[in-house]
Amino acid sequence: MSPQPNSSLSVDCVVFGFDGAALKVLLVERDFVNPAGERIHDFKLPGSLIFQDEELRASAARVLDKYMGRRDIYLRQLHVFSQPDRVVGEELRWLNEHYGVHTGRVVTVGYYALVKLNEALIASAAAEHAQWVGVERVTRLAMDHKQIMARALETLGRQLMVEPIAFELLPRKFTLRQLQVLYEAILGIEIDNRNFRKKVLSSGYLRETGEREKHVAHKPAMFYSFDKGRFQKDVRQKFRLNFINWQL
């Protein structure tokens with residue numbers, strides 16, 4: 001027996017991936033014929049109505065598994081999008097037909113996920129009629145998904161400044177140039193190269209790997225890795241100091 005969907009509650013996932021050169025988002029193709037007989041081809045975020053016996057995070061994890069073949073991904077709840085008119089008209093008709101339900105309104109809970117983009121993830125998405133698209137190339141999405149994506153990118157930018165979440169998108173070994181390109185893509189600004197290098201190296205959380213790029217036209221850059229252990233140790237120490245100061 002197939003799981004019964006909840007007709008008025010869904011999850012939509014903004015999945016960001018970084019391939020070392022560009023920040024990309026996972027989009028699902030839609031191809032259908034509307035009541036006027038016109039063929040519609042566009043893109044939407046990965047998402048689904050939740051099942052009646054399913055919690056929200058489990059539903060989001062199910063969506064990730066479908067398009068990427070894995071669930072062990074950095075995932076965070078973003079926002080509840082509950083505008084009464086967020087899905088109306090032709091979009092509402094498509095949703096009802098696609099899921100075999102009858103509803104006049106859908107509330108969606110947005111999540112965002114971060115992955116290190118590789119060939120396996122690209123192939124897994126393609127098998128489910130989805131593709132990775134550069135965030136700067138996304139001009140229009142189905143329903144209110146462009147607004148959901150924009151909210152996710154804005155949230156990611158804020159958290160980037162206070163948490164080491166950039167390293168969820170980078171490979172284990174990366175160059176400072178790759179790190180800077182990622183920051184620029186998320187924040188939507190150009191960053192001075194010299195100041196950026198100075199700031200990130202002075203943090204003490206990057207370690208030289210002793211390896212350099214190979215087969216490149218320019219001077220091979222050094223590969224670095226993120227010292228997660230040191231970062232967590234510093235966080236614990238700061239917490240203890242703050243707790244002591246609060247007691248005093």
Side-chain angles (χ1 to χ4, degrees), residues 1-17 24-69 71 73 75-113 121-156:
M1 183 176 177
S2 300
Q4 181 66 33
N6 182 304
S7 62
S8 298
L9 184 60
S10 69
V11 293
D12 285 298
C13 301
V14 185
V15 188
F16 293 114
K24 298 186 176 183
V25 63
L26 181 63
L27 300 178
V28 179
E29 295 182 53
R30 287 199 315 174
D31 192 358
F32 65 99
V33 178
N34 67 14
E38 302 169 321
R39 192 164 201 89
I40 306 298
H41 182 268
D42 60 8
F43 291 89
K44 63 183 285 292
L45 294 172
S48 171
L49 292 177
I50 72 165
F51 296 149
Q52 293 286 27
D53 61 350
E54 187 178 45
E55 69 169 359
L56 287 168
R57 190 176 182 86
S59 182
R62 171 171 57 83
V63 170
L64 296 180
D65 189 35
K66 175 180 180 180
Y67 292 102
M68 294 186 290
R71 298 185 179 216
I73 291 170
L75 179 66
R76 181 175 288 190
Q77 192 175 119
L78 175 65
H79 185 70
V80 177
F81 298 87
S82 60
Q83 298 90 333
D85 61 347
R86 60 170 298 271
V87 183
V88 295
E90 185 176 284
E91 297 286 16
L92 184 61
R93 185 181 298 109
W94 173 86
L95 187 143
N96 279 313
E97 292 179 356
H98 182 76
Y99 289 102
V101 297
H102 182 71
T103 185
R105 179 185 181 187
V106 179
V107 172
T108 196
V109 180
Y111 284 82
Y112 79 85
L121 290 176
I122 293 173
S124 182
E128 293 293 335
H129 305 288
Q131 58 183 273
W132 293 90
V133 180
V135 293
E136 76 286 350
R137 291 177 50 209
V138 180
T139 57
R140 184 180 180 278
L141 295 175
M143 294 170 273
D144 61 345
H145 288 191
K146 181 68 184 298
Q147 288 76 22
I148 296 174
M149 175 186 153
R151 179 69 173 259
L153 191 59
E154 178 187 352
T155 301
L156 179 60

Visitor: Taking the six-membered ring for Trp, are W94 and F32 parallel (under 30°), tilted (30 to 60°) or perpendicular (over 60°)?
Guide: tilted
Visitor: Side chains of P3 and E54: closer than 4.5 Å at any heavy-atom pair?
Guide: no
Visitor: Is any side-chain heavy atom of Y111 closer than 4.5 Å to one of R76?
Guide: no
Visitor: Nearest 0.5 Å please: distance from the CD atom of Q77 over to the OG1 atom of T155.
Guide: 11.5 Å
Visitor: Please evaluate residues M68 and L121 with respect to the criterion side-chain contact (heavy atoms from CB on, under 4.5 Å), reporting the C-alpha separation (whole Å), side-chain torsions for both, the decisive distance (0.1 Å), and the verdict.
Guide: CA-CA 6 Å; M68 294 186 290; L121 290 176; 3.7 Å; yes
Visitor: Grab the two heavy atoms, one from W132 and one from G17, that are nearest each other, plus how far apart they are.
Guide: CZ3-N, 3.6 Å
Visitor: Mark yes when over 12 heavy atoms from residues, nucleotides or ligands other than H41 sit less than 6.0 Å from its NE2; otherwise mark no.
Guide: yes
Visitor: Under 4.5 Å between any side-chain heavy atoms of T108 and I148, yes or no?
Guide: yes
Visitor: Working to the nearest 0.5 Å, report the span between CG of L95 and CE of M143.
Guide: 6.5 Å
Visitor: Just wondering, do R151 and F81 contact through their side chains at under 4.5 Å, heavy atoms?
Guide: yes
Visitor: Output, in order, the C-alpha distance, side-chain angles, deciding distance and verdict of side-chain contact (heavy atoms from CB on, under 4.5 Å) for E29 and F43.
Guide: CA-CA 5 Å; E29 295 182 53; F43 291 89; 3.2 Å; yes
Visitor: Do L78 and D12 have side chains that approach each other closer than 4.5 Å (heavy atoms only, starting at C-beta)?
Guide: no
Visitor: Decide yes or no for R140 and K146: does some side-chain heavy atom of the first lie under 4.5 Å from some side-chain heavy atom of the second?
Guide: no
Visitor: Are there over 12 heavy-atom neighbours, none belonging to H129, within less than 6.0 Å of that residue's NE2?
Guide: no
Visitor: Kindly give the heavy-atom pair with the smallest separation between T103 and L92, and that separation in Å.
Guide: O-CD1, 3.6 Å
Visitor: Just so I know, are the side chains of Y112 and L153 near enough to count as touching, which here means a heavy-atom distance under 4.5 Å?
Guide: no
Visitor: Which one of L49, N6, V106 satisfies the side chain to side chain contact (heavy atoms under 4.5 Å, CB included) criterion with Y99?
Guide: L49
Visitor: Just how far is it from atom SG of C13 to atom CZ of R62, taken to the nearest 0.5 Å?
Guide: 9.5 Å
Visitor: Can you measure from CD1 (I50) to CD (Q52) and round to the nearest 0.5 angstrom?
Guide: 7.0 Å
Visitor: Using a 4.5 Å cut-off on heavy atoms from C-beta on, say whether the side chain of L45 contacts that of V28.
Guide: no
Visitor: Which heavy atom of G69 sits nearest a heavy atom of S124, and at what distance?
Guide: N-OG, 3.6 Å
Visitor: Which residue is it: R86, R30, K44, R105? I am looking for the one with a salt bridge (Lys or Arg N to Asp or Glu O under 4.0 Å) to E91.
Guide: R30
Visitor: For side-chain contact (heavy atoms from CB on, under 4.5 Å), just list the numbers for V15 and V63, CA-CA rounded to whole Å, side-chain angles, deciding distance to a tenth of an Å, and then say yes or no.
Guide: CA-CA 11 Å; V15 188; V63 170; over 6 Å; no
Visitor: Working to the nearest 0.5 Å, report the span between CE of M149 and CD of E154.
Guide: 12.5 Å
Visitor: Give, for atom CG of L27 and atom CD of Q131, the distance between the pair rounded to the nearest 0.5 Å.
Guide: 7.0 Å
